[in-house]
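Please read the structure below before turning to the comments.
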Amino acid sequence: IQNVRMMGSLNGITLLNGYLQIDDSTADIETFRNQLSQMSILGVKDVSVVGLDSSNKTFVKDKTHKVDLIYASAVPLCSSYGNSKTEKTVEIANMTLYAQYSAAIKLTLDTRDNCDLFLMPLGGGVFENDLDNIKRAIAAAYKTYKAKIIEKRIVVYVLTFKYSLNNENAE
């Protein structure tokens, strides 16, 4: 197991196996906030995909197209990932959500015109980020870039799903 520092050397904030770990007693929120614009996301461009027929059960080979995929992540707020839901950790998690959504939107604005952008809630499952905080981060990132989004004719969607154990009501 190796600790890797992110965004330079930040007291009390490290990456461990790909997950942000926050030591509440030493975490430097102001330095984190000031370096937030240096946070990066991973992505691939022009990935070939195929579409589904109207039943959404069968792939149709003549419905091929390309998409860009962006991988973003949230800060886990649960003890199984080494964090807790203290005020400082939640504040860092919320800043991270905003930065991840902003980076995805900015990347789209920098590389595309007249397209659809699909965002998904980050960290609402096992990472235990509050859904209201996730919605606020999406809204704030959208508001930051709204004029440019409209100018470049990008339509932003937020995809969610509902899971049922019996899969009858899965959406």
Side-chain angles (χ1 to χ4, degrees), residues 1-10 13-22 31-52 56 59-78 81-83 89-131 133-161 163 171:
I1 298 176
Q2 178 181 5
N3 279 334
V4 178
R5 298 265 182 217
M6 69 175 271
M7 301 182 333
S9 180
L10 298 178
I13 303 170
T14 59
L15 275 178
L16 179 61
N17 296 328
Y19 299 109
L20 200 65
Q21 304 257 290
I22 297 145
T31 301
F32 184 83
R33 180 179 284 112
N34 293 335
Q35 294 185 12
L36 205 54
S37 64
Q38 296 176 36
M39 186 179 286
S40 60
I41 56 174
L42 301 172
V44 292
K45 191 174 170 108
D46 295 327
V47 177
S48 294
V49 295
V50 296
L52 296 171
N56 288 330
F59 288 106
V60 179
K61 290 182 183 180
D62 64 345
K63 289 189 177 184
T64 61
H65 58 283
K66 295 188 178 198
V67 300
D68 299 342
L69 297 174
I70 299 168
Y71 177 79
S73 187
V75 174
L77 294 178
C78 46
Y81 287 92
N83 288 327
T89 301
V90 170
E91 185 175 349
I92 290 170
N94 290 340
M95 285 189 278
T96 300
L97 287 170
Y98 171 78
Q100 295 286 277
Y101 288 117
S102 293
I105 292 169
K106 186 172 182 329
L107 183 62
T108 303
L109 291 168
D110 289 347
T111 60
R112 299 284 182 203
D113 292 331
N114 193 22
C115 69
D116 295 333
L117 172 62
F118 296 91
L119 301 174
M120 297 175 66
L122 298 174
V126 296
F127 280 12
E128 298 181 11
N129 282 258
D130 182 76
L131 184 56
N133 291 340
I134 296 166
K135 289 189 287 188
R136 275 192 284 280
I138 293 170
Y142 178 85
K143 185 176 179 181
T144 299
Y145 294 101
K146 182 178 178 179
K148 198 103 168 144
I149 289 168
I150 292 168
E151 173 189 323
K152 294 194 105 188
R153 298 179 321 276
I154 294 172
V155 180
V156 180
Y157 298 91
V158 178
L159 299 180
T160 61
F161 72 95
Y163 179 77
E171 296 176 11

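It should be emphasised that the depicted structure is a prediction, and the values quoted were computed from it without experimental measurement. Counting from 1, the numbers follow the sequence of the chain as shown.
- Partners of Lys106 under the salt bridge (Lys or Arg N to Asp or Glu O under 4.0 Å) rule, at least two apart in sequence or in another chain, are Asp110.
- Contacts of Glu151 classified as salt bridge (Lys or Arg N to Asp or Glu O under 4.0 Å), with partners at least two apart in sequence or in another chain: none.
- Of all heavy-atom pairs spanning Ile41 and Ala72, the tightest one is CG2-CB, 4.5 Å.
- Of all non-hydrogen atoms in Ile13 and Ile92, the two that sit nearest each other are CD1-CD1, 3.7 Å.
- Considering NZ of Lys45 and CG of Leu107, their distance stands at 8.0 Å, rounded to 0.5 Å.
- With rounding to the nearest 0.5 Å, the separation of CD1 in Ile105 from CD1 in Ile154 is 9.0 Å.
- In this structure, CG in Asn129 is found 5.0 Å from CD1 in Ile134, a value given to the nearest 0.5 Å.
- Judged purely by atom type and a 3.5 angstrom limit, Asp68 uses its side chain to pair as donor or acceptor with the backbone of Asp46.
- In this structure, CD1 in Ile149 is found 8.5 Å from OG1 in Thr108, a value given to the nearest 0.5 Å.
- Here the shortest heavy-atom pairing between Ala99 and Leu36 reads CB-CG, 3.7 Å.
- Contacts classified as salt bridge (charged side-chain N to carboxylate O under 4.0 Å, His left out) and involving residues 93-105 (residues at least two apart or in different chains) are not found.
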Side chains of residues 114-128: which donor-acceptor partners sit under 3.5 Å, not counting sequence neighbours?
{"from": "Glu128", "atom 1": "OE1", "to": "Lys85", "atom 2": "NZ", "distance (Å)": "3.2"}

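- Applying the salt bridge (Lys or Arg N to Asp or Glu O under 4.0 Å) criterion to Lys152, with sequence neighbours excluded, gives Asp113.
- Inter-residue side-chain proximity for Asn94 and Arg136 is flagged as unmet; no heavy-atom pair is nearer than 4.5 Å.
- In this structure, the side chain to side chain contact (heavy atoms under 4.5 Å, CB included) partners of Ser102, at least two apart in sequence or on a different chain, are Tyr98, Ala141, Tyr145.
- In this structure, Ala93 and Leu77 approach most closely via the heavy-atom pair CB-CD2, 3.8 Å.
- Leu20 approaches Pro76 most closely through the heavy-atom pair O-CD, 3.9 Å.
- In this structure, Ile138 CD1 and Lys143 NZ are separated by 16.0 Å, a value rounded to the nearest 0.5 Å.
- A distance of 9.0 Å separates CD in Gln100 from OH in Tyr71, rounded to the nearest 0.5 Å.
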